[in-house]
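So that the names make sense, note that chain A is the first sequence line, chain B the second, and so on, each numbered from 1.
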There are 4 protein chains.
Amino acid sequence: MSGIRSKQKAERPEQILEAALDEFRKTGYGATRLEDIAKRIGVTKGTIYLYFESKEKLFESLITSLSAPLAQEFQENEWEWTDDIAADLDYILSRLYNFIFEHHKFRELLRLLVSEADRFPQFVDENYSEFIAPILQSLSKRFDAGIAAGQIEPTDTHELARFVVAPVLSLNIMSLLFGNRRAIDCDTFISTHRKVLLRGLLKPGAKEGEGGQSE
Amino acid sequence: MSGIRSKQKAERPEQILEAALDEFRKTGYGATRLEDIAKRIGVTKGTIYLYFESKEKLFESLITSLSAPLAQEFQENEWEWTDDIAADLDYILSRLYNFIFEHHKFRELLRLLVSEADRFPQFVDENYSEFIAPILQSLSKRFDAGIAAGQIEPTDTHELARFVVAPVLSLNIMSLLFGNRRAIDCDTFISTHRKVLLRGLLKPGAKEGEGGQSE
Amino acid sequence: MSGIRSKQKAERPEQILEAALDEFRKTGYGATRLEDIAKRIGVTKGTIYLYFESKEKLFESLITSLSAPLAQEFQENEWEWTDDIAADLDYILSRLYNFIFEHHKFRELLRLLVSEADRFPQFVDENYSEFIAPILQSLSKRFDAGIAAGQIEPTDTHELARFVVAPVLSLNIMSLLFGNRRAIDCDTFISTHRKVLLRGLLKPGAKEGEGGQSE
Amino acid sequence: MSGIRSKQKAERPEQILEAALDEFRKTGYGATRLEDIAKRIGVTKGTIYLYFESKEKLFESLITSLSAPLAQEFQENEWEWTDDIAADLDYILSRLYNFIFEHHKFRELLRLLVSEADRFPQFVDENYSEFIAPILQSLSKRFDAGIAAGQIEPTDTHELARFVVAPVLSLNIMSLLFGNRRAIDCDTFISTHRKVLLRGLLKPGAKEGEGGQSE
DNA sequence: TATGAATGAGAATTCATTCAT
DNA sequence: CATGAATGAATTCTCATTCAT
């Protein structure tokens, strides 16, 4: 309508995906109307069909467009380990948390995956293998090294990685649940996570009392 | 046709809610058709309207019917603390995890809350205050006592409680995401959780050095 | 709305098919709107979907409902031959033509088949094998007998049957094309058909000469 | 891109009509999309609107473009009669059949007319008066002469003409219905048509027995 | 209580048509 | 001349809801 048709055209798919994300998360896949997505960017329903052949395909494209760049970012930026396990743990946590809060879309991707997990299981699986599995892989390798170096108590390192990631996922869910109705004190949460991981939950003294004192 | 019928009639609301849960979680609130819910228990759409005045009210009743008894169970069964912090941590974890695995419905409640959080925020809040808040309250009280008794490193105990619960929530989400497609090794996860909380992630030696590698 | 729900219900499919026939022939398959079909019998679009799962299925059911009883009628009423070939020819023609004029729907079936032949070839084939083929079969048998009895000039009797039926088909098409805009003098057409078949087109004299003009 | 282009441009309307015929017959008027017509000749929808002001006008132009040259051909090539009625009948039949099978488009014109007869009755009428009527006129004139010359049994010659044309129409319909799924033995059909017309269906002997022998 | 036929508002989708480039 | 992005009205199809039985 303005004149810069071709420029707009190039950006349309992104625009639509952006708008679709907003609507899908607000309303859920089933209840979102394509018309609302269209309105959001000032076009009409029909326009969406120029770029996506159906609501379902739009949803699929959305999932892909959300996870692909995230996965890529993780794959491109190799984890850089030192031999200081504490520093590396700090690095792991800050990277995980930063990643989530830098990427507002990550949270929504998660919501969509949880909501529609039974209807689109392939997406869950894709995301797992492209996105979560590599993270767990990297972390468990570092932990293996840590164990070998006597920095870490021997344990199942893959499970340990899973456990290290878990609170991040959890924080994510919280922020999905409460949106901005309940300000979540992320910093404190993160710092708690860090503290517990770094130093353990219990005082040496209490711990010694616990089971054995050979420590 | 008569005896069984009348018995069933009394149970109709429960039957409907049960069926509604199955459908809502499979399809999401927006995309679930009342007819499918009805079919599941061998009645017709009209019957649902004898017990619930609309789809939305049905959903609300479902949330309530799911969370109320769970919250009640938690409220009735007071936490029973000892002065052995390690034993109490074990107790906390086993109670939290057992709760999830005993109550299949709990997981689905969570999914519904995540999926529909923006559309039904009141439910999220209700659940938080009736269900999650009390848990956090109880745990943080115990941790306060632990700190006072010198068992636990001083810290923000409410956040600590949140952090202790986080992996539980996380495991829950995982099982929502992967259903039974990806067998999650819950036992190992829980045991890792326990180990890390009880003894800390790092060896005393590594921990003392923190930045050094006297190891 | 009136009260005799169940009676109406039983008749609905027929009602709808009847209305569908009227609309499809008036407007063609592609351009017919389900709403118009519905209006014709005083119901709404939605009602049609209680009985037919899509527009296409409705069309398919229509074709079947049109051809099935016609084919059945032909199959049930065996052709009854005498040994008078002239009488039998009369009988054949009157039966073929009567059939067309008794069965208003037959004409429309043909139109639908011609119109949609490329889109629904299976229907054309079904109709051929269930409906046309048996007719040709019966006629050619009679002609075989006629040849054996020296009543008919030896010839390919299957083709002869096809040729005997052809003008009937042709008249049918004419009436489809002109509807009631151009009154077709069917009686004269039929009588011409009869005359030509019975006595041949040419005088014996001309015929005998075949290429000569003894006239 | 330039030389070929400009040549193509001059031919665009024809190209479009050609493509339109293919699509209309395949899909019917209502269900044909202009975009498909455009694609067929490698242009876009918009281009069609440079040459035809609407879909309906395009259809109208198509009918005209199909029937006009056919009618013209018939009008230009006067029927050339001899006084040999048999030869003339041969000539009539071969001309009619040749005409149909030379002109693939004739069949499709017929299909379109049958399909859309109720929506575009004017076309049916135009075609009748410009095309069919003259044929019937010519034939009936020849038959009149034949009767006057004692070659043909007195009869309604206009109806006779109609009847002579009928099997041709019929064959046409068959080929519309079965396309190339069911090879129609046209030659045999035509030869049967010819035989029956030329010599009559019945043997002289059988014929005499039939009703009267004053013949 | 329960049914299920019918409704009708509303959503997805299609496509003739327009128009800026 | 030609494009093809955009439109928006029209159409198919869905489903929560009603109500006569």
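- Atom NZ in Lys55(B) sits roughly 15 Å away from atom P in dG10(E) (whole-Å rounding).
- Residue order along DNA chain F, read from the 5' end via each residue's closest nucleotide, puts Thr47(A) first among Thr47(A) and Tyr29(B).
- Separation of the Phe52(C) and Phe59(C) ring centroids does not fall under the 6.0 Å cut-off.
- Spacing between atom CZ of Arg33(D) and atom C1' of dT11(F) amounts to 15 Å, rounded to whole angstrom units.
- Across all strands shown, dA20(E) pairs with dT3(F); the Watson-Crick or G-U wobble distances both stay below 3.5 Å.
- When all heavy atoms of Ala20(A) and Leu58(A) are compared, the closest pair comes out as CB-CD2, 4.1 Å.
- Straight-line distance from the CG atom of Leu58(B) to the P atom of dC15(F): 16 Å, rounded to whole Å.
- Atom CZ in Phe24(A) sits about 14 Å away from atom P in dA11(E), given to the nearest Å.
- Distance from the side chain of Tyr51(D) is smallest to dC1(F) among dA16(F), dT7(F), dC1(F).
- The residue Leu50(B) sits close to a base: some heavy atom pair falls under 4.0 Å.
- Rounded to an integer number of Å, the gap from Lys39(D) NZ to dA2(F) P is 19 Å.
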| message | If you apply the rule ring-ring contact (aromatic ring centres under 6.0 Å, His included), what do you find for Phe178(A) with Tyr128(B), and how did you get there? | response | CA-CA 9 Å; Phe178(A) 301 115; Tyr128(B) 183 82; 5.2 Å; yes
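- Residues Lys55(C) and Thr32(C) come closest through the heavy atom pair NZ-O, 2.9 Å.
- A salt bridge does not link Lys105(B) to Glu108(B): none of the charged nitrogens lies less than 4.0 Å from a carboxylate oxygen.
- Considering only side-chain atoms of Tyr49(D), the nucleotide from dT14(E), dT17(F), dT17(E) that sits closest is dT17(E).
- Residue Gly46(B) is the one, among Gly46(B) and Glu35(A), whose nearest nucleotide of DNA chain E lies closer to the 5' end (criterion: closest heavy atom).
- For Ser54(A) and Lys45(C), each mapped to the nucleotide of DNA chain E holding its nearest heavy atom, the one lying further toward the 5' end belongs to Lys45(C).
- Rounded to whole Å, the distance from CG on Asp36(C) to C1' on dT12(F) is 13 Å.
- Residues Glu53(B) and Val43(D) both approach DNA chain F. Their nearest nucleotides, taken by heavy-atom distance, put Val43(D) toward the 5′ side.
- A straight line from CG of Leu34(A) to P of dG8(F) spans 17 Å, rounded to a whole angstrom.
- If you take CD of Glu56(B) and P of dC15(F), they are 18 Å apart, rounded to a whole angstrom.
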